[in-house]
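Below is one structure, written out as structure tokens; the observations come after it.
Each chain gets a letter, A, B and so on, in the order its sequence line appears, and its residues count up from 1. If you're wondering where the values come from, they're calculated on a predicted model, not measured in any experiment.
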Protein chains: 2
Amino acid sequence: MDKSDALTAFAALSQPTRLDVFRLLITRGDAGMAAGEIARALEVRQNTLSANLSVLLTAGLVRNRREGRAIRYFANTDGVKGLLGFLLQDCCGGQPELCQPLIRDLTGSC
Amino acid sequence: MDKSDALTAFAALSQPTRLDVFRLLITRGDAGMAAGEIARALEVRQNTLSANLSVLLTAGLVRNRREGRAIRYFANTDGVKGLLGFLLQDCCGGQPELCQPLIRDLTGSC
DNA sequence: GATATAATTCAATAGTTCATGAAGTATGGA
DNA sequence: TCCATACTTCATGAACTATTGAATTATATC
């Protein structure tokens, strides 16, 4: 994960449909969701969603796998790890104890 | 932190100078850095930096405080917490154990 | 008050991103 | 082979974003 990857990932997440898609896939975990299902769930046209999924793919935030006619998409947790690690690198002025509350709050999401 | 706040924050981080500024401030912790110091460190013009700092402020990713003629900027860890909490809400298909590695890797940044 | 320093605001222009309709590709079944 | 389903790609115009020079505001010092 370098700066250019991080920029691509943040740009990917700064668009309403893509943020919705990513958050939807995050809640799905390993089950993932087919492109068409996502389009129906979020009420987005197929070609618009396809363009947005390809942005998320390029950004490394989602993965996909063909299943017959459908293509199933998954949140890519490795991509998220890399992104957040890059963003918070060397944080808190070298005083790790300042970071602990930040990290602890995140665990509340799960 | 709602969806619109999150979009604003991700958009703020998807621009090279702003990502540099935020990461620089993250490494500074409570020491922060004056606008002029940041401009010199990153070799950005004062008005360009000012515009970018105001985007980061609006996004809740940095705070500032006037100190005489200078204005000192700080990374806003509460803003980051809110953002990441929103992004990862209800993650991993309701199986918290899948999230633990993600969270554990993040702690490595500190 | 006058001047210098630190930073912000403004208006204009150049560049980027987005959703869309239309067309194309891949897979599965009749 | 033909058709339907699932999804992607492409070109275009409309909307948004970034940087810049010039002007402005705020604070400190002389």
Closest heavy-atom pair and its distance - [X], [Y]:
{"X": "B:Met33", "Y": "B:Ala41", "answer": "CE-CB, 3.9 Å"}
{"X": "B:Ala35", "Y": "B:Leu49", "answer": "O-CD2, 3.1 Å"}
{"X": "B:Arg66", "Y": "B:Ile71", "answer": "NH2-CD1, 3.7 Å"}
{"X": "B:Gln89", "Y": "A:Thr27", "answer": "O-CG2, 3.9 Å"}

Just so I know, are the side chains of [X] and [Y] near enough to count as touching, which here means a heavy-atom distance under 4.5 Å?
{"X": "B:Leu83", "Y": "A:Leu13", "result": "no"}
{"X": "B:Leu84", "Y": "A:Leu88", "result": "yes"}
{"X": "B:Leu25", "Y": "B:Ile38", "result": "yes"}
{"X": "B:Thr48", "Y": "B:Thr17", "result": "no"}

Does [X] reach the main-chain N or O of [Y] with its side chain, forming a donor-acceptor pair under 3.5 Å?
{"X": "A:Thr8", "Y": "A:Ser4", "result": "yes"}
{"X": "A:Arg23", "Y": "B:Phe86", "result": "yes"}
{"X": "A:Ser14", "Y": "A:Ala11", "result": "yes"}

Given the rule in the side chain to side chain contact (heavy atoms under 4.5 Å, CB included) test, do A:Val21 and A:Leu42 qualify, once you have shown the distances and angles that lead to the verdict?
CA-CA 8 Å; A:Val21 168; A:Leu42 301 180; 3.5 Å; yes

Go through residues 32-45 of chain B and report each residue with a non-hydrogen atom lying under 4.0 Å from DNA chain C, sorted by number.
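B:Ala34, B:Ala35, B:Gly36 - these, ordered by number, are the residues of the stretch whose heavy atoms sit under 4.0 Å from the strand.
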
So if I take residues 47-54 of chain A and measure heavy-atom distances to DNA chain C, which residues fall below 4.0 Å?
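A:Asn47, A:Thr48, A:Asn52, in order of number.
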
I'd like the 5' and 3' limits of the part of DNA chain D contacted by chain A, with heavy-atom contacts below 4.0 Å.
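The contacted stretch runs from D:dA4 to D:dT9.
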
Only distances under 3.5 Å count here; give the side-chain donor-acceptor pairs of residues 55-65 of chain A to other protein atoms, sequence neighbours excluded, each with its distance to 0.1 Å.
unit_1: A:Thr58; atom_1: OG1; unit_2: A:Ser54; atom_2: O; d: 2.8
unit_1: A:Asn64; atom_1: ND2; unit_2: A:Tyr73; atom_2: OH; d: 3.4
unit_1: A:Arg65; atom_1: NH1; unit_2: A:Glu67; atom_2: OE2; d: 3.2

Note the angle between the end axes of the helix from C:dG1-D:dC30 to C:dA30-D:dT1, five pairs defining each, rounded to 10 degrees.
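Comparing the first five pairs with the last five, the axes sit 20° apart.
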
Rounded to the nearest Å, what distance is computed from the [atom1] atom of residue [X] to the [atom2] atom of nucleotide [N]?
{"X": "B:Leu57", "N": "C:dA7", "atom1": "CG", "atom2": "P", "result": "13 Å"}
{"X": "A:Gln46", "N": "C:dA23", "atom1": "CD", "atom2": "P", "result": "17 Å"}
{"X": "B:Gln15", "N": "C:dT16", "atom1": "CD", "atom2": "P", "result": "12 Å"}

Could you check whether A:Arg28 makes a cation-pi contact with A:Phe74, meaning its NZ or CZ is under 6.0 Å from the centre of the six-membered ring and within 45° of the ring axis?
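Because its charged atom misses either the 6.0 Å distance or the 45° angle limit, A:Arg28 does not stack over A:Phe74.
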
At what distance, to the nearest 0.5 angstrom, does CZ of A:Arg45 lie from CG of A:Asn52?
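Result: 13.5 Å between the selected atoms.
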
Could you check whether A:Arg72 gets within reach of a base, just the sugar-phosphate, or nothing at all, counting any heavy atom under 4.0 Å?
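Answer is nothing: A:Arg72 stays at 4.0 Å or more from every strand.
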
Could you run through nucleotides 25-30 of chain C and give me one letter per nucleotide, 5' to 3': B if any protein heavy atom sits under 4.0 Å from the base, S if only the sugar-phosphate is that close, - if neither?
--BB--

